[in-house]
Colleague: 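The structure under discussion is supplied below as structure tokens; questions concerning it will follow.
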Amino acid sequence: MAAKCILIVDDEVSIQKVVSLSLRMEANWTVVTASSGKEGIEQATLHQPDVILLDVMMPELDGIATFKALQDNPKTQAIPVVLLTAKTRTAEKQLFQKVGVAGVITKPFTPLTLASNISKLLSWAL
Amino acid sequence: MRLLLIDDDSALNALLTEQLSTQNYIVDSVADGETGWAYASTFDYDLIVLDWMLPQLNGLRLCQRLRQQNYGVPILLLTVKDNQPDKIKGLEAGADDYVVKPFDMAELLMRIQLLLRRSNATTTPILTWGKLRLDPVSCDVSYDRQSVSLTAKEYAMLELFLRHSHQAFSASTLLDRIWSSETFPSEATVRSHIRGLRQKLKQAGANTDFIETVHGLGYRLKTVKAQPAYIKTGSIEESQGDRATRYLTGLTQAWNAHKGESLDRWNTLVHIAQSLRSDNTTNSEGLSEQQQTQARQIAHSLAGTLGTFGLMEGYRLALQIEQLLLQASPTIASHQIDQFHTLVTTLGHTLDDQPKLVCPVENTPQAPKILMVDVNNLPYIQQLMALTVSQGLETTILASIEAASQALSLTSPLQNDPALLANLPELVLINLVASEANSVLQDSILRRLLRFIEQIAQRWPQLPILVITPQADFGNRLDLIRRGGAIVLEYPVVPAKVLSIISQATHFNYRLSKIMIVDDDAHYLKQVIQLLHPWDFQITPLTNPQQFWMLFNQVMPDLVILDIEMPHINGFELCQVLRSHAQWQHLPIVFVSVHSDRTQQERAFSIGADDYITKPIQGKLLATRLLNRLKRASARLQWEASAPS
């Protein structure tokens with residue numbers, strides 16, 4: 001399988017690092033990072049990643065708003081989006097799925113299986 | 001170094017906290033003796049600064065109590081009294097030093113340092129890193145048992161590195177920490193001392209990069225690790241364990257580099273909590289909607305970050321804070337403010353933890369629920385709540401008997417509705433301590449609480465009730481037990497002990513218990529396994545009773561569930577076989593059967609069954625009854641282990 005390129009959008013650099021670390025280690029994927037929704041949209045347009053991991057709670061443009069902006073943009077609307085969020089109530093999770101994201105991964109995630117969980121969500125062969 | 005400052009003078013408190021913080025001490029400050037007791041008995045401190053005159057529990061009595069509980073941390077007493085008998089009283093109560101207000105700040109700081117040094121000299125262990133050994137008391141340094149002679153500055157740097165072994169120090173930080181203010185060295189001086197130190201360590205046999213230079217960050221100790229085999233062979237896949245170690249190293253580095261961000265967030269929460277408290281005393285309206293949202297978002301993000309780094313205690317506390325703020329909308333009640341404050345402080349302590357690899361959260365069983373009923377808003381109970389939450393229990397404090405009665409459905413008609421059972425806590429804790437100063441409750445309140453205990457016991461006879469009371473002599477204890485209390489603890493009791501009692505009383509310790517189920521109906525077995533899934537037992541199913549003995553000896557289960565009617569060998573026979581072995585006399589055996597008639601049940605008990613449950617079964621009920629059996633069995637084991645032979 002060709003190496004995937006993942007864009008992680010999270011306002012916290014530490015989370016970006018941990019996600020990169022585990023994805024590189026587990027699957028040797030390329031990881032591109034962005035620290036805000038706005039930067040995320042720019043990076044997505046530029047790099048055309050295979051999936052975008054999007055933090056829900058970010059200042060200014062939050063995850064849901066960023067997702068909508070990505071959907072409205074013809075250059076990015078085809079890229080699957082997986083939301084990354086701290087433990088949510090079921091109602092919220094359902095809401096997220098209704099918006100049309102490819103999946104939701106809750107923090108804390110299990111770092112050593114993050115790549116395989118993403119693959120499962122997107123039906124990729126790992 | 002972490003200090004606890006207990007003083008009700010808020011101006012002095014703020015000033016001291018600031019002064020001590022600039023000296024690199026981490027300070028928790030509280031304003032009354034009772035909270036001070038709750039903190040001191042929960043967290044680790046290096047020193048306590050204690051004011052004599054305090055609301056609730058005064059400093060002298062707090063000091064006595066701490067010493068009675070074998071609390072060894074140095075205590076410095078602050079007071080306005082300056083006469084000899086008082087001084088003696090203070091020292092007799094167990095204080096290590098005594099400073100009279102108004103005091104000179106420099107003198108106080110010096111006294112604190114002296115006390116810390118004195119206590120460290122007796123308790124500090126020898127510092128090691130690989131083959132390096134540093135004895136902080138004698139100041140001897142050796143590498144591979146070869147003595148290394150260092151200058152004072154080299155020694156101080158090495159000790160600093162060893163004490164903060166994962167931290168990198170920049171040249172300017174080293175200047176601040178090691179060089180005193182009367183000299184004016186440059187960063188080149190630091191470099192030359194590092195060179196000298198490396199040189200001496202190399203002569204003793206260490207690698208040149210024993211102290212490594214981290215680009216952009218400064219100097220730190222290089223991680224000592226045996227060279228893993230996969231580097232040499234190259235072709236061999238690294239094992240899961242190696243990968244985990246490597247990941248953990250990365251995780252730790254990332255955490256150390258970004259811990260500051262989490263600390264900043266936490267600090268914001270502390271400020272919000274403090275402003276809420278002072279608002280509360282001036283009766284203004286608490287948080288604006290914007291502040292509340294901000295606090296909630298901070299708690300939420302902190303939960304995500306801490307969880308990702310495996311700081312699970314902090315993760316749970318942050319989630320609880322978020323939950324509390326959600327419930328507190330639109331206005332936050334005063335008892336919620338106190339809880340918020342306690343949770344935030346406890347959270348601060350967990351930020352010192354080191355990252356860990358986390359287990360998946362999705363499949364963890366539901367946390368045991370604990371209900372604490374405290375009509376007096378005692379800081380101690382809040383501390384207990386924070387502690388249980390950090391350990392993964394789902395704890396709620398209710399401040400009125402009415403609210404608690406409602407939560408326990410004491411008023412609803414008697415029916416064992418499954419939804420109601422599912423929401424029932426695993427344990428109820430009831431506080432009968434009024435306050436520290438006057439620990440005995442007002443009579444009318446006490447009577448209502450006692451009546452409440454009776455009501456719970458009548459409605460839910462299986463539900464353990466833990467009572468914390470100021471007086472637990474035989475008479476009181478007997479009275480409480482008669483009313484339905486299962487566990488009676490006499491205040492003061494350290495929170496950690498209460499926590500361990502709670503864990504024992506709830507099913508927390510019985511996870512991963514091995515349960516063997518024998519039933520010839522495979523479909524039914526599958527169903528039971530699903531029903532019991534949330535409780536995390538290790539279940540061994542068996543459909544063919546002829547294989548029972550072989551499998552039983554392989555698994556050595558903690559509990560056996562038997563069906564009655566099975567081909568070849570029936571459940572009664574299996575039970576009798578087990579009971580015929582001396583070794584399995586007390587193994588919990590539970591029958592599950594469609595037969596509800598009395599004769600079958602009587603027969604089961606007569607041959608040694610511990611419980612008999614009729615099908616169809618409901619998951620929570622089955623789990624509760626299995627847990628009851630497991631608890632009894634482990635209590636028996638503990639008793640046998642402690643009883644003289």
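Everything numeric here is computed off the predicted structure, so don't read it as measured data.
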Colleague: Give a yes or no on whether B:Q406 atom CD has more than 12 heavy-atom contacts from other residues, nucleotides or ligands under 6.0 Å away.
Modeller: no
Colleague: Test A:S14 against every option in B:T305, B:T308, B:N256 by the side chain to side chain contact (heavy atoms under 4.5 Å, CB included) rule and name the one that passes.
Modeller: B:T305
Colleague: Answer yes or no: is there a side-chain heavy-atom contact under 4.5 Å between B:Q297 and A:P59?
Modeller: no
Colleague: So for A:N117, is it side chain, backbone, both, or neither that comes closer than 4.5 Å to the heavy atoms of chain B?
Modeller: neither
Colleague: Would you name the heavy atoms of A:T85 and B:H300 that are closest together and state the gap between them?
Modeller: OG1-NE2, 3.7 Å
Colleague: Rounded to the nearest 0.5 Å, what separates atom CG in B:L251 from atom CG in A:L21?
Modeller: 7.0 Å
Colleague: How about A:K38: does its NZ atom have over 12 heavy atoms from other parts shown lying under 6.0 Å from it?
Modeller: no
Colleague: In Å and rounded to the nearest 0.5 Å, what is the CD1 to NE2 distance from A:I15 to B:H258?
Modeller: 10.0 Å
Colleague: Check each atom of B:R296 against the heavy atoms of chain A and say whether the ones under 4.5 Å are side chain, backbone, both or neither.
Modeller: neither
Colleague: For the NZ atom of A:K107 and the CZ atom of B:F309, what is their distance to the nearest 0.5 Å?
Modeller: 10.0 Å
Colleague: To the nearest 0.5 angstrom, please state how far the CD atom of A:E12 sits from the OG atom of B:S262.
Modeller: 6.0 Å
